[in-house]
**Student:** 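Once you've had a glance at the structure underneath, I'll fire off some questions.
Remember, predicted model here, so these are calculated numbers, not experimental data. Note on naming: letters A, B, ... go to the chains in the order of the sequence lines (proteins, then strands), and numbering restarts at 1 for each one.
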Amino acid sequence: MLDKNGIAKRIAKEVKDGYYVNLGIGIPTLVANFVRDDISVEFQSENGVLGMGPFPFEGEEDADIINAGKQTITTLPGASFFDSALSFGMIRGQHVDLTILGAMEVAENGDIANWKIPGKMVKGMGGAMDLVASAENIIVAMMHTNRAGESKLLKRCTLPLTGVQCVKKIVTNLAVLEVTEDGFRLLERAPGVSVEDIKQATEGTLIVEGDIPEMQL
Amino acid sequence: MLDKNGIAKRIAKEVKDGYYVNLGIGIPTLVANFVRDDISVEFQSENGVLGMGPFPFEGEEDADIINAGKQTITTLPGASFFDSALSFGMIRGQHVDLTILGAMEVAENGDIANWKIPGKMVKGMGGAMDLVASAENIIVAMMHTNRAGESKLLKRCTLPLTGVQCVKKIVTNLAVLEVTEDGFRLLERAPGVSVEDIKQATEGTLIVEGDIPEMQL
Amino acid sequence: MIKKTVADVSAALQGVEDGMTIMLGGFGLCGIPENAISELVRLGVKDLTCISNNAGVDDFGLGLLLHKRQINKMISSYVGENEEFERQMLSGELEVELTPQGTLAEKCRAAQAGFPAFYTPAGYGTEVSMGKETREFNGKMYVLEEAFKADFSLVKAWKGDEAGNLIFKGTARNFNPSMCGAAKITVAEVEELVPAGELDPNEIHIPGIFVSRIFQGKDYEKRIEQRTVRKRN
Amino acid sequence: MIKKTVADVSAALQGVEDGMTIMLGGFGLCGIPENAISELVRLGVKDLTCISNNAGVDDFGLGLLLHKRQINKMISSYVGENEEFERQMLSGELEVELTPQGTLAEKCRAAQAGFPAFYTPAGYGTEVSMGKETREFNGKMYVLEEAFKADFSLVKAWKGDEAGNLIFKGTARNFNPSMCGAAKITVAEVEELVPAGELDPNEIHIPGIFVSRIFQGKDYEKRIEQRTVRKRN
């Protein structure tokens, strides 16, 4: 079973040379720490920066240079700043190669819910609806079950949707799964997790074909 | 009767302090020469410059700085360059206060035709359709009649239209006219031109109320 | 050159009235029009509809207006980080219209550029598209979204000149450029106001034609919401 | 940093084939991709559809392609100043689709930014709107125009870096920025190619994400169509 860093580490393997990547808040942010050094990747933040670097050294924070999580950041050589309209032009126009974001629920048809729980304070969708409606390549990073132990991989989402039929891949603390026309296809098990464990934790249709390998991290 | 410079001179009086102005090719271009020195005006060219100045001194031409007529120009302090999409955002978004352009025909309902003569080589509408469809304040600068002596102020345009019900004012070699719901209202006569002369040269409905003053140039 | 400079924030906000719709630039607390917000508090105008990506924090940014109950309705994409906001929203005192961030930006840009409406894929199949026209283009579904209509647009830039030309800095650019000229009156406050001719015409982000009034702001706090740093080795 | 540099114009235009749709930046002869046009002539690709505001002059710009009969169809707003163009158009050899200039720019920008279509007032009530959907918003009529679809976009910038970031100069900017990322492959030629990090991130007009390949152009002629000057006193 993986912890949050483990999930991020596994997702980092999906990041290919030459990719522009948008990372959501939470586990996705951690992915940047695990991307291989020998490939070229640029991180985009929807508030208007491409080519984000690490956090600044103490004392070098600039209030005018932040990411979408409102954290102070730095930029790398080749970076650029731009306005919100152009930023979402990048996203909507499918120039960003990979979007990694968290979710409350994912349905076996690729629907995703990650912005609203009826009856609770709603903070808003931010850029998530634009990202999921536009991106060709979306990976969800999340725990396989919620705190009550209920599956977050469902036949149908129960929460208000963020986007429809858009999720392509899911990496959880238990498994890597692909969204197919027939349901969630199990690709990999987390270390020490059995296919049976994953079946138990998955409410939606789970497709298990042949031997399921353990993740290589 | 006015010559081209006279028409431009009369139109220059319509340019008010604080106006952003787009000038079409031909007579409209001449208007810039007659705008009062004591008011602030900025000229926009749809190829991407605001704050155009006079032609450059000999030897100082820059191939990268031209107007929409492809002429080499200079810029004044406070000028800016921008791309075509933003430029037409200015025009479409009605940030340009006054558009002055030429025409082949104007109809009494404000329709304008200035881009195409069937059977002849068509060069294209350039930015004219965007300008006339967007601008709130359009003045047409043209001769009252064509080379064959036929009126260019018509009941209905006979040539393919550039825009509908958009022209507000017309300044010709004979008169200043306003487009109203009832037709062309005669506002001023050119020096030495009688109301009768103007009636003769106007095919569309001409409204003559009271004494028609002679233009002050 | 058409001069857009006004003496101070008070002159810049002349005409702001109760019940108006006001756009405000900024992402989080980054690039917000600090001076203009303070003046709105001082003026005490009420029943405002505010279009802003976020709603500030409890004691800064739009939180200051919320605290004084000056805002009736917020149109935003994300409104976390603000307890007073949450209280007013849950009690029904405050109306909130949540809009996807890219749609919010484009609704500003559409108003600036004279587009009445546009089709975007964001929000299709979600409650955001409820009551809106949806339509297929090339096998994909889109939602029709309309341009904003606003009375004032309050933006913050880094440098500006007398002609109203603006240059933004870093990610403080965000929504500010698209809001310029997207309301009847656009007020720009800048950290540095220079004479016309000092800014390179090639480096201007927003031409002065989109700005109605410009003034030199003061006392910028530029608060950081999430101060994240790393240690030097 | 994702490197976009290629060795030369020949590498940059790899993949251009007969029958493709190609966008080309420039207004008149200002800001046209001179190197890429020469390479298209050298390659001899035929049956091209070219999206470009103008069509060059007889012996320069797109006129060079017209002369070799490489263009089947032009989508432009203004095509004067070109006798060979006129001959081919009148004889029916060349198809011409005339589009209002602002609509042309926005059809590029829509393709870049993932908008399938937009409503514009330009051309309403004229033959440009024939066969297109028209619609009223707030009492005014608009025409629905769709985003362009193109295979290659060929743009010219002043400075560029290895990451594909671009800065344009003066009015040579024109259609170039909106065409970046508006086709499957975007090729940028620049007068000066610098290492990543040399351009100020705040001054970049088009981020490298919209550019597929970049190369250092050479032998720029930058011909002036209308040399207008004044005498010194």
Side-chain angles (χ1 to χ4, degrees), chain B residues 15-22 35-53 62 64-67 73-99 127 129-136 163 166, chain C residues 1-6 23 105-118 147-150 153 157 159-168 177-186 188 193-214:
Chain B
V15 178
K16 309 290 185 216
D17 189 38
Y19 269 18
Y20 294 99
V21 182
N22 182 290
V35 172
R36 281 162 48 188
D37 283 342
D38 61 340
I39 62 172
S40 298
V41 172
E42 286 187 34
F43 294 103
Q44 194 252 18
S45 193
E46 63 266 29
N47 59 315
V49 54
L50 188 68
M52 276 190 289
D62 184 340
D64 290 329
I65 302 184
I66 64 168
N67 65 16
I73 54 157
T74 59
T75 57
L76 298 173
S80 54
F81 296 115
F82 36 86
D83 67 62
S84 301
L86 192 76
S87 184
F88 282 91
M90 282 178 197
I91 291 165
R92 203 184 303 101
Q94 303 188 328
H95 304 286
V96 175
D97 299 290
L98 176 61
T99 291
M129 284 194 181
D130 306 271
L131 282 159
V132 301
S134 307
E136 287 190 303
C166 52
Chain C
M1 188 264 301
I2 300 171
K3 215 167 171 169
K4 301 293 174 71
T5 43
V6 294
M23 291 181 161
E106 195 64 18
K107 281 165 79 81
C108 296
R109 193 252 173 190
Q112 173 191 72
F115 293 109
F118 57 91
F148 280 129
K149 289 185 184 66
S153 192
K159 294 181 188 174
D161 69 15
E162 292 171 303
N165 294 306
L166 303 178
I167 296 178
F168 304 89
S178 303
M179 288 180 174
C180 291
K184 287 176 201 151
I185 294 173
T186 296
L193 184 61
V194 302
E198 284 205 9
L199 302 179
D200 183 336
N202 217 38
E203 293 177 1
I204 287 164
H205 292 144
I206 280 293
I209 193 172
F210 294 113
V211 174
S212 322
R213 306 169 187 168
I214 189 169

**Student:** Might you point out which heavy atoms bring B:Ala79 and C:Pro201 nearest each other, and give the distance in Å?
**Tutor:**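 The pair with the smallest heavy-atom distance is O-CB, 3.4 Å.
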
**Student:** Pick one of side chain, backbone, both or neither for B:Tyr20, based on which atoms fall under 4.5 Å of a heavy atom in chain C.
**Tutor:**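 Both parts, backbone and side chain.
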
**Student:** Sort out for me which of C:Gly164, C:Ala111, C:Gly181, C:Ala147 touches chain B most, counting heavy-atom pairs under 4.5 Å.
**Tutor:**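 Most heavy-atom pairs under 4.5 Å with chain B: C:Gly181.
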
**Student:** Pick one of side chain, backbone, both or neither for C:Leu199, based on which atoms fall under 4.5 Å of a heavy atom in chain B.
**Tutor:**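 Neither the backbone nor the side chain of C:Leu199 comes within 4.5 Å of chain B.
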
**Student:** Top residue by heavy-atom pair count (under 4.5 Å) with chain B, among C:Ala182, C:Ala113, C:Gly114?
**Tutor:**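 Heavy-atom pairs under 4.5 Å are most numerous for C:Ala113.
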
**Student:** Given that the side chain runs from C-beta out, which part of B:Ile91 has a heavy atom under 4.5 Å from chain C: side chain, backbone, both or neither?
**Tutor:**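 For B:Ile91, neither part sits under 4.5 Å from chain C.
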
**Student:** Are the side chain of C:Asn165 and the backbone of B:Gly78 linked by a donor-acceptor contact shorter than 3.5 Å?
**Tutor:**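 Yes, the answer is positive, given that a donor and an acceptor are paired below the 3.5 Å cut-off.
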
**Student:** Check whether B:Val49 gets within reach of chain C through its side chain, its backbone, both or neither, counting any heavy atom under 4.5 Å.
**Tutor:**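 For B:Val49, neither part sits under 4.5 Å from chain C.
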
**Student:** Can you see which heavy atom on C:Gln112 is nearest to which on B:His95, and at what distance?
**Tutor:**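 Between these two residues, the closest heavy atoms are O-NE2, 2.7 Å.
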
**Student:** Can you tell which part of B:Leu76 gets under 4.5 Å to a heavy atom of chain C, answering side chain, backbone, both or neither?
**Tutor:**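 Contact with chain C is absent: no heavy atom of B:Leu76 under 4.5 Å.
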
**Student:** For C:Ala196 and B:Pro77, which heavy atoms make the closest approach, and how far apart are they?
**Tutor:**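 Looks like O-CB, 3.8 Å.
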
**Student:** Count the heavy atoms of every other residue, nucleotide or ligand shown that sit under 6.0 Å from NZ of C:Lys3, and state whether that count exceeds 12.
**Tutor:**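 Open: at most 12 neighbouring heavy atoms sit under 6.0 Å from NZ of C:Lys3.
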
**Student:** Working to the nearest 0.5 angstrom, can you tell me the gap between B:Leu86 CG and C:Arg109 CZ?
**Tutor:**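 B:Leu86 atom CG to C:Arg109 atom CZ measures 8.0 Å (nearest 0.5 Å).
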
**Student:** Counting only heavy atoms not in B:Asp38, do more than 12 fall under 6.0 Å of its CG?
**Tutor:**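 Yes, CG of B:Asp38 has more than 12 neighbouring heavy atoms, counting only those of other groups under 6.0 Å.
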
**Student:** Contact part of C:Lys4 toward chain B, heavy-atom cut-off under 4.5 Å: side chain, backbone, both or neither?
**Tutor:**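 Only the side chain of C:Lys4 comes within 4.5 Å of chain B.
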
**Student:** Could you look at B:Gln94 and say if it's the side chain, the backbone, both or neither that has a heavy atom under 4.5 Å from chain C?
**Tutor:**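 Interface part for B:Gln94: neither.
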
**Student:** Check whether B:Glu42 reaches the backbone of C:Ile2 with its side chain - one donor and one acceptor, N or O, closer than 3.5 Å.
**Tutor:**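 Looks like yes, one N/O pair under 3.5 Å.
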
